[in-house]
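The sequence lines fix the lettering, A, B, ..., with proteins before strands; numbering per chain opens at 1.
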Protein chains: 2
Amino acid sequence: MGNKRLTVREIARIAEVSVATVSRVSRGTGQVSPEMRERVLRVIDEYGYRPSQMGRALAQQKHGSVAIVFPGLAGPYFSELVQGFEAEAVAAGIGVHILVTHHRADSDGNVLDMASRVDGVAVHGDTVSTETMRRIAAEVPTVVLAGRPLDGVPAVRADNSAIGELTRHLLVDHGYRGLAFVGNPDGSPDVTERWEAFKAAHKAARVAVPRSPIRLGLQQSDGVLAAGELLDGRKPPRAVVCANDETALGMLIGALGRGLSVPGEVAITGFDDVPMASLVQPRLTTVRQPIRELGATTARLLISGLGNPGAVMDAVLTTEPVLRESCGCPRT
Amino acid sequence: MGNKRLTVREIARIAEVSVATVSRVSRGTGQVSPEMRERVLRVIDEYGYRPSQMGRALAQQKHGSVAIVFPGLAGPYFSELVQGFEAEAVAAGIGVHILVTHHRADSDGNVLDMASRVDGVAVHGDTVSTETMRRIAAEVPTVVLAGRPLDGVPAVRADNSAIGELTRHLLVDHGYRGLAFVGNPDGSPDVTERWEAFKAAHKAARVAVPRSPIRLGLQQSDGVLAAGELLDGRKPPRAVVCANDETALGMLIGALGRGLSVPGEVAITGFDDVPMASLVQPRLTTVRQPIRELGATTARLLISGLGNPGAVMDAVLTTEPVLRESCGCPRT
DNA sequence: ACGTTTGCAGTAACCGCTTTCAGGGACCAT
DNA sequence: ATGGTCCCTGAAAGCGGTTACTGCAAACGT
């Protein structure tokens with residue numbers, strides 16, 4: 001510790017070869033005779049030489065890392081997303097930068113700043129303004145994550161329309177009326193699409209949407225709050241469609257805590273199919289979304305997919321309703 | 001998009017000044033006359049010049065970013081920790097790298113690899129071997145996060161002994177016998193210390209520890225599993241001390257789902273004081289730990305505190321028992 | 001009026017690695 | 001024996017900034 005790192009020149013001097021040879025050996029590229037390779041490797045190993053990433057980056061004109069920008073880490077959704085992204089990048093030998101915006105407007109500067117440290121940026125749908133998005137994309141290859149493509153910027157997202165099927169299931173198969181939607185459509189592109197699908201399903205079933213969405217966040221605690229808002233009122237809903245599983249679980253906890261029967265008195269559905277969804281009692285009806293795959297696909301696109309001819313511009317991953325007991329279906 | 005980025009030499013040529021002047025203006029260091037500054041700034045602004053981080057890194061011999069290594073992102077603990085770390089670093093203009101080990105043994109190579117991309121590394125206690133830890137520390141300034149200091153490597157951690165006070169509270173104040181501990185002491189330094197404190201409190205109260213710990217993970221789903229293991233047995237515990245809030249919440253869900261009264265038939269406590277702890281019914285008795293501050297302190301230490309004379313070697317943040325209803329205390 | 005300080009701008013030498021290009025030796029075919 | 005290939009190796013030119021040092025002119029002091 002403290003002894004200055006040695007450079008490629010030092011190694012070359014010690015091994016009595018040229019720096020070019022050392023570089024070729026350490027990178028494993030180009031032609032090197034076995035005895036040369038052996039000699040250099042011995043010295044590299046003995047002195048524990050590791051090439052400087054700074055020098056390498058400058059010479060190759062690439063940082064060797066990508067970034068992911070998202071609003072916060074609360075809940076399993078972002079955890080899975082980030083982990084999927086990270087795992088894929090690391091598997092490709094690429095480093096991962098993160099930037100959390102915390103929903104603050106003044107993070108645009110940070111985003112731009114960060115964009116100059118990486119070879120590619122994945123920006124989650126509800127983090128920065130369209131304008132900032134464009135400026136990032138002008139600096140560095142960019143992908144929109146969980147949002148719509150923008151100009152030349154490709155996107156990776158999940159099919160939110162399945163929440164429409166779920167709504168239809170509640171309205172038609174179960175015959176429920178008086179549904180509530182928990183989630184803020186202005187909060188993120190995903191919730192926007194889910195609210196639209198919820199409304200569309202009502203229209204298709206010729207049922208009026210009974211009330212405005214409960215505009216809260218997407219955390220479990222928001223679900224608990226939503227339970228207070230909906231279930232203590234004079235006219236509680238017969239079924240609650242939550243924008244994600246976290247709020248659905250909070251709603252469930254809130255409902256059970258009030259002594260209500262689920263799904264007997266109020267049915268509850270979510271979106272994501274997080275692990276807890278099948279562990280609670282009653283098990284949660286939801287929509288399965290491949291969150292990890294979403295992150296992984298984004299990383300792949302960023303690392304090797306961009307700029308290729310025929311590169312995908314809008315990857316939409318499939319989702320699937322999962323009917324369990326919280327909607328009123330019998331246990332299979 | 002696609003037009004090659006311009007360099008400091010380009011800007012110098014256009015503004016008809018030397019590269020040194022451009023650099024001085026863009027960095028804001030050194031003496032530059034007002035008219036020169038003005039002229040350079042105009043060109044920088046007009047052409048949207050942003051200095052390359054690679055060139056800057058090489059010249060200054062610093063990457064301008066730090067890394068945090070942890071086992072996974074499941075649950076609010078790691079989310080808060082990472083966000084605290086990230087926020088502090090970004091506020092100091094430093095980028096943040098992450099590396100998730102996923103508890104895989106073969107991630108040592110990745111860690112070393114990553115260590116050469118940053119100016120400092122924070123390693124969470126239960127991620128890499130002692131040997132790897134040493135090798136990282138030999139390459140780059142390092143801090144242990146939620147673990148004990150190691151050789152010359154400082155640590156930042158929370159005081160886990162408060163779980164002993166909580167155990168004493170259950171044994172003495174409430175007079176419970178037959179306590180169970182949920183958490184794997186070999187899983188992480190934190191859990192080790194909590195299990196030790198749990199045992200020490202038994203010893204102090206002259207009560208035998210009734211059984212081995214339930215060695216499961218720290219996620220909410222593990223708490224649900226632990227509930228199955230403990231509550232369906234012939235001799236269920238009177239109280240369950242969980243290694244963290246997540247497992248305690250899972251345990252609570254499992255207990256309530258079995259129709260058991262909490263805390264009447266089984267008392268439950270946690271550790272962390274996550275937001276959900278005060279939202280569930282009954283509210284969770286736990287130990288408050290400043291998770292975010294843990295991450296922030298680590299980042300501060302890494303960025304500006306290391307190497308200073310009198311630098312802290314072992315920062316222990318204080319914790320505090322929070323008595324709510326899940327242990328049997330009356331609602332205040 | 002003359003020497004000395006002071007302020008500002010420019011030249012050029014790095015920072016550490018990659019890679020092109022050129023050179024040299026061994027081997028092959030004629 | 002000789003010209004041509006093929007394989008390796010090394011010298012050197014970047015990659016894009018930063019900064020020590022140099023030089024010049026203006027301001028200052030006596």
Look at all strands and tell whether Thr7(B) reaches a base, only sugar-phosphate, or nothing, counting heavy atoms closer than 4.0 Å.
sugar-phosphate
In this structure, are over 12 heavy atoms from other groups packed under 6.0 Å from Arg37(B) atom CZ?
yes
Using a cut-off of 4.0 Å on non-hydrogen atoms, how would the nucleic acid contact of Val19(B) be classed: base, sugar-phosphate, or nothing?
base
Side chains of Asp159(A) and Val316(A): closer than 4.5 Å at any heavy-atom pair?
yes
Considering only heavy atoms and no angle criterion, is a donor-acceptor pair shorter than 3.5 Å present between the side chain of Arg9(B) and the base of dG16(D)?
yes
With a 4.5 Å heavy-atom cut-off, do Val25(A) and Met36(A) have their side chains touching?
no
Between Ser18(A) and Ala20(B), which has a closest nucleotide on DNA chain D that is more 5'?
Ser18(A)
Could you work out, with salt bridge (charged side-chain N to carboxylate O under 4.0 Å, His left out) as the rule, every residue matching Asp186(B), not counting sequence neighbours?
Arg215(B)
Would you indicate what Val32(A) reaches in the nucleic acid, counting non-hydrogen atoms under 4.0 angstrom: base, sugar-phosphate, or nothing?
sugar-phosphate
Near-strand residues of residues 44-64 of chain B, defined as heavy-atom separation under 4.0 angstrom from DNA chain C
Leu58(B), Ala59(B), Gln61(B)
With a 4.5 Å limit on heavy-atom distance, are the side chains of Arg50(B) and Asp113(A) in contact?
yes
Expressed as a whole number of angstroms, how long is the span from Leu6(B):CG to dC15(D):P?
14 Å
Roughly how many Å is it from CD in Glu35(A) to C1' in dC8(D), rounded to a whole number?
10 Å
Among dG10(C), dC8(D), dT18(D), the nucleotide that comes nearest once only the side chain of Gln31(A) is considered
dC8(D)
For atom CE of Met36(A) and atom C1' of dC7(D), their distance in whole Å:
13 Å
Considering only residues two or more places apart or on different chains, which pairs with a residue in residues 80-95 of chain A satisfy salt bridge (charged side-chain N to carboxylate O under 4.0 Å, His left out)?
Glu80(A)-Arg292(A), Glu88(A)-Arg300(A)
Would you say that more than 12 heavy atoms from the other residues, nucleotides or ligands in this model lie under 6.0 Å from the CD of Glu16(A), or not?
no
Separation of Arg117(A) atom CZ from dG17(D) atom C1', in whole Å?
14 Å
How is Ser33(B) classified with respect to the nucleic acid when contacts are heavy atoms under 4.0 Å: base, sugar-phosphate, or nothing?
sugar-phosphate
Using only modelled atom types and a 3.5 angstrom limit, is any donor from either the side chain of Arg24(B) or the base of dG17(D) paired with an acceptor on the other?
no
Answer with base, sugar-phosphate or nothing: what part of the nucleic acid does Arg27(A) contact at a heavy-atom distance below 4.0 Å?
sugar-phosphate
